[in-house]
Amino acid sequence: MSERTPVIAGNWKMFKTNTEAAAYVAEFLELVVDAGSVEIVLCPPFTCLEAVRRGLDGSRVRVAAQNMHFKAEGAYTGEVSAPMLNEIGVADVILGHSERREFFCENDADLARKVGAALNSGIRPILCVGESDQEREAGGTNVKLRGQLEGGLAGVSAGQLSDMLIAYEPIWAIGTGKTATPEIAEEAISFIRGSLADQFDKVAAARVRILYGGSVNPGNIGALMAAENIDGALVGGASLDAAGFASIVKFG
Ligand code: PEP
């Protein structure tokens, strides 16, 4: 039995106004009072972060941002920094989501700086990695994953690895309804763990929690969570509905 506490995180992407977020939080908190031993994270857009965090005060649910800049401040129009997130009580930050990599040209070198800035500020990074359809079909999944881990974690020490989360999110499974089978997800995640053992050490790799993301829903979460190396889920679309997300959180 793994000693890694499961984590279920809901990435709202660019959905929900403050009014919608407040209604969600009220409904969701009632539904997860009896959830078992699982860490729960909500990742709203920047505009709702503080209100959601306030709404969750006193609960077990953590709040994450979906991105941040690596500098503490500066002339970077449209960006938000770690100290700004820290001050409003944001606990975690998603970094390197494939939508950020694809639409906002984020690369592994940027991500290494962001991961370092988050760790130095006490914000837990959730670093996303994953291959495209074409990369998988060409047999390049492991090369892609290893490259993203080596690049994105370039400044991280073995001791810091367990202060963060890794999310394996195959691009072909995100928002497509095409979930990786538990076997495919387990194979990739155990490759990631092995790769981290090479990059850091076996103890650090065994401790870090690695989530699966890509079309997770209430019907497939149980089978995914039964896999040995899958320590949780990063959920996009299915996290937008409070009742649906609560049933994912209560997968056990
Ligand atoms: C995501 O955005 O991280 C994600 C996994 O999305 P979805 O669950 O909608 O595939």
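First listed ligand is number 1; within each ligand, the first listed atom is number 1. Small disclaimer: the values here were computed from a predicted structure and weren't measured.
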Exercise for review: Supply the atom-to-atom distance D133 CG to I171 CD1, rounded to the nearest 0.5 angstrom.
Suggested key: 9.5 Å
Practice item. Report, in ascending order of atom number, the atoms of ligand 1 lying under 4.0 Å from any heavy atom of E169. Key: 1 (C), 3 (O), 4 (C), 5 (C)
Review point. Would you call D231-R209 a salt bridge at under 4.0 Å N-O?
Key: no
Review point. Applying a 4.0 Å heavy-atom criterion (strictly less than), which segment of N11 is in contact with ligand 1: side chain, backbone, both, or neither?
Key: side chain
Review point. Does a side-chain N-to-carboxylate-O contact under 4.0 Å join R101 and E169?
Key: no
Check your understanding: For K13 and ligand 1, does the shortest N/O to N/O distance drop below 3.5 Å?
Key -> yes
Practice item. Pull out every atom of ligand 1 sitting under 4.0 Å from any heavy atom of G214, numbered as shown with elements. Key: 5 (C), 10 (O)
Exercise for review: Mark up the atoms of ligand 1 that fall under 4.0 Å of a heavy atom belonging to G213, in ascending order.
Suggested key: 5 (C)
Check your understanding: Does R207 come within less than 4.0 Å of E3, counting only side-chain N to carboxylate O?
Key -> no
Study note, to complete from the structure: Distance col, row F245:CZ vs I8:CD1, nearest 0.5 angstrom, shows 7.0 Å
Practice item. Would you mind listing which atoms of ligand 1 come within a distance below 4.0 Å of any non-hydrogen atom of L234? Key: 3 (O), 5 (C)
Point to revise | Ligand-side contact atoms (ligand 1) for residue partner S215, heavy atom cut-off under 4.0 Å | key: 7 (P), 8 (O), 10 (O)
Review point. Is the shortest distance from a Lys or Arg side-chain nitrogen in D110 or K114 to a carboxylate oxygen in the other one below 4.0 Å?
Key: no
Revision key, fill the gap. closest protein heavy atom to atom 8 (O) of ligand 1 is G236 N, 2.8 Å
Exercise for review: Answer yes or no: is there an ion pair linking R136 with E131, defined by an N-O contact shorter than 4.0 Å?
Suggested key: yes
Point to revise | ligand 1 contact by A238, heavy-atom criterion under 4.0 angstrom | key: no
Check your understanding: Can an N or O of E99 be found at a distance shorter than 3.5 Å from an N or O of ligand 1?
Key -> no
Practice item. For ligand 1, note which part of A173 has a heavy atom under 4.0 Å away: side chain, backbone, both or neither. Key: backbone
Study note, to complete from the structure: re atom 9 (O) of ligand 1, the protein heavy-atom contact at minimum distance is G237 N, 2.8 Å
**Study point:** Heavy atom of the protein closest to atom 1 (C) of ligand 1 (residue, atom name, distance)
**Key:** H97 NE2, 3.2 Å
Check your understanding: Within the side chain of Q148, is there an N or O that forms a donor-acceptor pair under 3.5 Å with the backbone of G130?
Key -> yes
**Study point:** Contact check: V235 vs ligand 1, nitrogen or oxygen atoms, below 3.5 angstrom
**Key:** no
Review point. Which ligand 1 atoms does G175 reach within 4.0 Å, using its non-hydrogen atoms?
Key: 7 (P), 9 (O), 10 (O)
Point to revise | Side-chain donor/acceptor of E186 to backbone N/O of N229, under 3.5 Å | key: yes
Practice item. Return yes when atom CZ of F191 has more than 12 non-hydrogen atoms of other residues, nucleotides or ligands closer than 6.0 Å, and no otherwise. Key: yes
